[in-house]
Amino acid sequence: MNEWMAESEEENLQKQIDEIEALSSIYQDEWCVIDEASRIFCIRIVDELENPKWTVCLQVMLPPEYPTAAPPIYQLNAAWLGGQERIALSNSLEEIYLQNSGDCILFLWVVTIRDFLLVKSQSADAVPEIQKTTEEVEVNYQDDNFIACQPPAQQVTAKVVFPESSEDEQLPPMTHGEPITDRRSTFQAHLAPVVTPNQVKLLLQELYRNKKIANATHNIYAYRIYCEDKQTFLQDCEDDGETAAGGRLLHLLQILDVRNVMVVVSRWYGGILLGPDRFKHINNCARNVLVDEGYTELAGEGPRTLIKRKKQKSKKGK
């Protein structure tokens with residue numbers, strides 16, 4: 001029995017390590033290690049419009065039983081968050097754990113909190129009311145009487161129906177980033193400025209004329225277009241068979257607050273499973289090309305992270 005528990009804890013620890021590596025790659029400066037030995041971490045979360053009024057710091061402690069047999073212990077730190085709103089948000093997180101018991105759920109928690117903050121930010125007369133003390137909430141392992149959360153309001157993210165191509169539509173220039181190779185799998189990002197959904201369609205058509213790119217195992221993409229008149233974003237993503245990769249890529253664009261840009265990441269599978277590392281490489285090569293093209297200068301981006309890069313003689317697609 002003790003041997004079985006030791007094997008289970010070792011498996012949980014590896015899953016935690018994989019999850020933390022993926023999350024730290026996505027969130028970078030927003031991710032903070034408080035006590036690695038005790039598995040305590042914190043992430044600062046704001047809504048996708050980067051409204052500083054609405055910010056939550058999610059602090060989590062990962063017990064040895066997570067994720068197979070127990071949820072993270074967590075705190076929601078926000079001076080303005082209290083009362084029924086705190087209860088509703090906590091219930092949402094706990095419901096996610098119940099629905100995904102045994103799986104890593106921190107990414108889903110962050111997405112849920114961001115959606116909650118977006119609804120708050122879009123409220124007409126929303127002004128944070130600062131409480132005198134910050135309340136803290138922990139998951140009760142024994143309490144299964146969770147209350148279902150209210151359905152979220154309409155989100156900014158929109159599924160786009162592309163209009164017919166126009167002969168007068170200008171095809172934006174496409175830049176191809178340097179590849180990242182790990183265990184015979186290769187990842188390469190392609191970037192282009194876009195201001196209309198139709199340009200996204202035309203760029204994808206042009207990109208797929210390259211036979212090597214068209215034959216990639218996955219071509220994951222995401223884009224964000226800022227609608228200045230409505231002060232909202234038109235955005236969408238595509239997994240192309242790599243489950244959840246498109247959403248993670250779009251989330252990276254949101255975290256970096258880049259605008260009017262599309263990023264496509266091609267992956268050529270090399271026959272060796274990479275696990276969560278594949279998401280790290282997808283985000284890293286996307287981040288690198290955004291840095292190279294100056295999209296993150298205002299965000300104060302620091303050094304880039306690479307595994308192995310192949311030198312590239314020109315801007316042509318691989």
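Along the sequence shown, residues carry numbers from 1.
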How many angstroms lie between atom CD1 of Ile45 and atom OG1 of Thr55, to the nearest 0.5 angstrom? 10.0 Å
Heavy-atom pair with the smallest gap, counting every atom of Arg86 and Leu76: NH1-O, 2.9 Å
Under 4.0 Å between a side-chain nitrogen and a carboxylate oxygen: does that hold for Lys15 and Asp18? no
Side chains of Leu256 and Arg224: closer than 4.5 Å at any heavy-atom pair? no
Go through the steps to decide whether Arg209 and Glu206 satisfy the test side chain to side chain contact (heavy atoms under 4.5 Å, CB included), and finish with yes or no. CA-CA 5 Å; Arg209 289 192 177 99; Glu206 180 67 20; 2.5 Å; yes
Measure the spacing between CG of Leu191 and CG of Asn288 and express it to the nearest 0.5 Å. 12.0 Å
Dump the intermediate steps for side-chain hydrogen bond (donor to acceptor under 3.5 Å, both in side chains) on His190 and Ser266, then the final yes or no. CA-CA 8 Å; His190 322 280; Ser266 301; 2.8 Å; yes
Val258 to Tyr295 - nearest heavy-atom pair and separation: CG1-O, 3.6 Å
Is it true that a side-chain atom of Gln188 and a backbone atom of Gly177 form a donor plus acceptor pair closer than 3.5 Å? yes
Report yes if some heavy atom in the side chain of Leu250 is under 4.5 Å from a heavy atom in the side chain of Gln235; otherwise report no. yes
Can you tell me how far apart CZ (Arg287) and CD1 (Ile26) are? Round to the nearest 0.5 Å. 9.5 Å
Under a 4.5 Å cut-off applied to non-hydrogen side-chain atoms, are Leu253 and Leu290 in contact? yes
When you compare the side chains of Arg267 and Ser185, does any donor N or O come within less than 3.5 Å of an acceptor on the partner? yes
Path from Ile255 to Phe279 over hydrophobic side-chain contacts below 4.5 Å: no
Arg39 side chain reached by Leu13 side chain, heavy atoms, under 4.5 Å: yes
Nearest heavy-atom contact between Pro179 and Thr186 is CB-CG2, 3.7 Å
Could you tell me whether Asp277 and Arg183 make a salt bridge, using a distance below 4.0 angstrom between a side-chain N and a carboxylate O? yes
Identify the two heavy atoms, one from Asp182 and one from Leu274, that lie closest to each other, and give their separation to 0.1 Å. O-CD2, 3.9 Å
Hey, does Ser92 have a side-chain heavy atom less than 4.5 Å from the side chain of Asp115? no
Classify the side-chain pair Gln14/Glu10 by whether it contains a donor and acceptor separated by less than 3.5 Å. no
When hydrophobic residues are tied together by side-chain contacts of less than 4.5 Å, even through go-betweens, does Tyr269 share a cluster with Ile213? no
Does a donor on one side chain sit under 3.5 Å from an acceptor on the other, for Glu94 and Tyr74? yes
Yes or no on side chain to side chain contact (heavy atoms under 4.5 Å, CB included) for Trp31 and Arg44, after CA distance, side-chain angles and deciding distance? CA-CA 7 Å; Trp31 180 265; Arg44 177 179 175 272; over 6 Å; no
If I compare all heavy atoms of Ala189 with all of Val263, which pair ends up nearest, and what's the gap? CB-CG1, 4.4 Å
If two hydrophobic side chains count as joined below 4.5 Å and joins carry through other members, does Leu106 share a cluster with Val33? yes
So is Arg248 actually on top of Phe107's ring, under 6.0 Å and inside 45° of the axis? yes
Passes side chain to side chain contact (heavy atoms under 4.5 Å, CB included), Asn219 versus Glu242? Steps please. CA-CA 9 Å; Asn219 283 300; Glu242 185 66 283; over 6 Å; no
Has Ser38 got a side-chain atom pairing as donor or acceptor with Asp35's backbone, closer than 3.5 angstrom? no
Given side chains that start at C-beta, do those of Asn77 and Val56 come closer than 4.5 Å, heavy atoms only? no
Can you check side chain to side chain contact (heavy atoms under 4.5 Å, CB included) on Met61 and Gln75, steps first, answer last? CA-CA 9 Å; Met61 183 178 75; Gln75 297 175 355; over 6 Å; no
When the aromatic ring centroids of Trp109 and Tyr97 are compared, is their separation below 6.0 Å? no
Passes side-chain hydrogen bond (donor to acceptor under 3.5 Å, both in side chains), Glu238 versus Tyr223? Steps please. CA-CA 10 Å; Glu238 170 59 46; Tyr223 67 86; over 6 Å; no
In this structure, would Val265 and Leu273 fall into the same cluster of hydrophobic residues linked by side-chain contacts under 4.5 Å? no
List the steps and the verdict of side-chain hydrogen bond (donor to acceptor under 3.5 Å, both in side chains) for Glu19 and Tyr66. CA-CA 11 Å; Glu19 183 179 29; Tyr66 172 79; 3.0 Å; yes
Do Gln199 and Thr196 come close enough that some side-chain heavy atom pair is under 4.5 Å? yes
Kindly work out whether a path of hydrophobic side-chain contacts (I/L/V/M/F/W/Y, heavy atoms less than 4.5 Å apart) joins Met174 to Val195. no
Side-chain donor/acceptor of Asn12 to backbone N/O of Pro64, under 3.5 Å: yes
d(Glu30 CD, Cys57 SG) to nearest 0.5 Å is 9.0 Å
Going through the checks in order, is the side-chain hydrogen bond (donor to acceptor under 3.5 Å, both in side chains) test met by Asn283 and Ser25? CA-CA 7 Å; Asn283 280 283; Ser25 172; 5.2 Å; no
Greater than 12 external heavy atoms within 6.0 Å of Glu228's CD: no
What distance do His218 atom NE2 and Arg278 atom CZ have between them, rounded to the nearest 0.5 Å? 8.0 Å
Spacing of CG belonging to Asp239 relative to OH belonging to Tyr221, to within rounding of 0.5 Å: 10.0 Å
Give the minimum heavy-atom separation between Pro193 and Leu203, together with the two atoms involved. O-CD1, 4.3 Å
Strictly by modelled atom types, are Arg114 and Gln254 linked by a side-chain donor-acceptor pair under 3.5 Å? yes
Quick one: are Leu108 and Asn100 in side-chain contact, heavy atoms under 4.5 Å? yes
